[in-house]
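Chain A is the first sequence line, chain B the second, and so forth, proteins listed ahead of strands; every chain is numbered from 1. Bear in mind the structure is a predicted one, so any value in this text is a computation, not a measurement. What you see below is based on every heavy atom in this structure, not just the backbone, and it leaves out hydrogens, waters and symmetry mates.
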Amino acid sequence: MLTIQSLREEKDLVIRALEKRHFDAKDSIEQILQWDAERRATQSKLDDALAKSNELSREIGGLMREGRKEEAEAIKAQTATYKSISSDLKEQMHALEGKIHEALCHIPNAPHDSVAKGRNADDNVEVFRSGDASTLEHHQKPHWDIADQCGLIDFELGAKVTGAGFPFYRGKGAKLQRGLIRFFLEKADDAGYEEFIPPHMINPDSGFGTGQLPDKEGQMYHMADDDLYMIPTAEVPLTNIYRDVVVREAELPIKLCGYTPCFRREAGSYGKDVRGLNRLHQFDKVEIVQFAHPAKSYETLDAMVEHVKGLLEALELPYRILRLCGGDMGFTSALTYDFEVWSAAQERWLEVSSVSNFETYQANRLKCRFKGADGKSHLVHTLNGSALALPRIVAALLENHQDAQGIRIPEALVPYCGFERIDF
RNA sequence: GGAGGUUUGGCAGAGUUGGUCGAUUGCACCGGUCUUGAAAACCGGCGUACCGCAAGGUACCGGGGGUUCGAAUCCCUCAGCCUCCGCCA
């Protein structure tokens, strides 16, 4: 969430930035600042009342030690008024803090200067394109037909055992999956990201830390008995490693990566969006996460974008990079680049990665700070990106690299898969 | 799942017959003296957050709640860790 300091210091800037999301924050920010002023005034009064009763208690302590019981009793009588004053003030404080917190939670991150205003995906700005995004003239089969014909992925079996959106990968389909995961992890390792295998369930505190809660509660699978959520992305456990942690400035940037399955309820999706591998309830992803110095986080973002580009180049897939407009950006992000690969048979772009800088928005919730040269604590900037999400990559590989006889595995991937082709 | 123990500042570790305890001490860390430099020794400093222009004040001894004029110290509750038993890949 936004820091109260940023609202105090640069309210107008924040309001103007949020307009790019078509989010009118003016009233709620004014309200928050008013509550904040009340809160501070209340705290002063509360502190005074507590100071007074602490003082009386010390006096009583002194008198009791000296055995002057009656005098002590007399002072005791005075404490009652301060006690009721301070308990009233405490209540007011908590109420105000609660309201401020609640209101802050409902304001999305302020977009970076470079973010366009825009309403939806149509207003995203294409900043880079690579490869030939044309339609295949012959043998163009959508990936679900190929997956079925070659026995790579069994959607019906998944539907029987679990439900729609939980496919089985089998044979070369499973090996391709495993090969891609290894390929992505090795590349992340080469780039200096430390590998983690995190838990696949998280508690509510972690969900709050990265911003899934309370905003996206309905998108996660929830285990009611234990109050745990299935992770929607490795971002959540990886980023929460540094919840309530003060790091040394010299440690930054901290680079983590991890492979996990991801679980999403995808409530409200339908039609061609969910056909085949386009949208699943469980999918595999390698995620990269960085904790960066605020002065350097946009360099870091650029480096992460370059890393993802390198992966897509190696897989020889046509892709483009979009800078998301205000209206299409996630709630917690300040700047997001989406990567989309071309699906030759579907003739559409499929999102395979989203690389974002959250600036201090997550760090403020996480309370992840570093001690600066000035001796003071500062919030870090957090960033993350998919590198990469598997299903749509598999879809694009199957569709774009098909010929009359089958599928060609890109050279870079062959050592990880152990085969060069998948024959029809 | 059952029984017992435990949870204190970056780490280690005092303090639990409630009363100048936000907390002894050691290590680590920072500054200084000494030294050509370093080590050692000695001296000083050293938790976090909030309120306040400041002086200063308030809160925090796993989380939450309670008793009390007053709680790290007592009670309840939840969680983590350790030991034993049970169950189990």
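- Projected onto RNA chain B by closest heavy-atom contact, A:Gly61 and A:Leu56 fall at different nucleotides, the more 5' of which corresponds to A:Gly61.
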(message) Treating primed atoms plus P, OP1 and OP2 as sugar-phosphate and everything else as base, which nucleotides of nucleotides 54-66 of chain B get B, S or - for protein heavy atoms under 4.0 Å?
(response) ---BSS-------
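- Between A:Lys76 atom NZ and B:rU68 atom C1' the separation is 8 Å, expressed in whole Å.
- Looking at heavy atoms from C-beta onward, A:Glu316 lies in side-chain contact with A:His401 at the 4.5 angstrom threshold.
- Looking at A:Pro294 and A:Thr360, their side chains never come closer than 4.5 Å, going by heavy atoms from C-beta outward.
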(request) Map every base of RNA chain B to its dot-bracket character, where paired means a Watson-Crick or G-U wobble contact with both distances under 3.5 Å and | marks a partner outside the strand. (result) ((((((((.[[[..)...(.....]]].(((((.......))))).(((((....))))).[[[[[..)....]]]]])))))))....
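- Residues A:Met329 and A:Val115 have side chains in contact (heavy-atom distance under 4.5 Å, counting atoms from C-beta outward).
- Side chain of A:Arg39, nearest nucleotide from B:rC69, B:rU48, B:rC51: B:rC51.
- Counting only heavy atoms from C-beta on, A:Lys371 has its side chain closest to B:rU48 among B:rG70, B:rC51, B:rU48.
- Across the C1' atoms, B:rA23 and B:rA14 are found 10 Å apart, a figure rounded to whole Å.
- Tested against A:Leu180 for a side-chain contact (heavy atoms from CB on, under 4.5 Å), the candidates A:Asp284, A:Leu315, A:Val286 yield a single pass: A:Leu315.
- As a whole-Å value, the separation of A:Ile60 CD1 from B:rG18 P is 17 Å.
- When ring centroids are compared, A:Phe263 and A:His281 stay outside the 6.0 Å threshold.
- The residues A:Lys11 and A:Glu30 are annotated as salt-bridged, a charged nitrogen and a carboxylate oxygen being separated by less than 4.0 angstrom.
- A salt bridge links A:Asp36 with A:Arg40: the closest approach of a Lys/Arg side-chain nitrogen to an acidic carboxylate oxygen falls below 4.0 angstrom.
- Picking from B:rA49, B:rC51, B:rG70 the nucleotide with the shortest atom distance to the side chain of A:Lys83 gives B:rG70.
- A salt bridge does not link A:Glu249 to A:Arg369: none of the charged nitrogens lies less than 4.0 Å from a carboxylate oxygen.
- One finds the CZ atom of A:Arg365 at 4.5 Å from the SG atom of A:Cys105 (value rounded to the nearest 0.5 Å).
- Rounded to the nearest Å, the gap between the P atom of B:rC74 and that of B:rG57 is 29 Å.
- Distance noted for atom P between B:rA39 and B:rG32: 12 Å (whole Å).
- When the C1' atom is used for both B:rC43 and B:rC34, the distance is 11 Å, rounded to whole Å.
- Whole-Å rounding puts the A:Asp36 CG to B:rC50 P distance at 11 Å.
- Although no hydrogens or angles enter the test, the distance criterion places a donor-acceptor pair under 3.5 Å between the side chain of A:Asp24 and the main chain of A:Lys26.
- Using a 4.0 Å heavy-atom distance criterion, A:Arg248 is classed as making no nucleic acid contact.
- Residue contacts shown for A:Ser53 are absent, as no nucleic acid heavy atom lies under 4.0 Å away.
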(request) Decide side chain to side chain donor-acceptor pair (under 3.5 Å) for A:Asn384 and A:Gln290; before the verdict, give the C-alpha distance in whole Å, the side-chain angles of both, and the deciding distance to 0.1 Å. (result) CA-CA 6 Å; A:Asn384 68 50; A:Gln290 292 211 41; over 6 Å; no
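- Comparing B:rA59 with B:rG64, their P atoms sit 15 Å apart, to the nearest whole Å.
- Here the separation of B:rU6 from B:rC75, taken at their P atoms, is 12 Å to the nearest Å.
- When rounded to the nearest whole Å, the span between CZ of A:Arg68 and C1' of B:rC69 equals 16 Å.
- With both ends at atom P, the span from B:rU58 to B:rU20 equals 14 Å, rounded to whole Å.
- Across all strands, A:Ser57 comes closer than 4.0 Å to base atoms (heavy-atom distances).
- To the nearest angstrom, P of B:rA49 lies 13 Å from CG of A:Asn364.
- Taking atom CD on A:Glu249 and atom P on B:rG10, their separation rounds to 19 Å, with Å as the unit.
- Atom CE in A:Met64 sits about 15 Å away from atom C1' in B:rU17, given to the nearest Å.
- Atom P of B:rU16 sits at a distance of 12 Å from the matching atom of B:rU73, rounded to the whole Å.
- Straight-line distance from the CZ atom of A:Arg40 to the C1' atom of B:rC50: 11 Å, rounded to whole Å.
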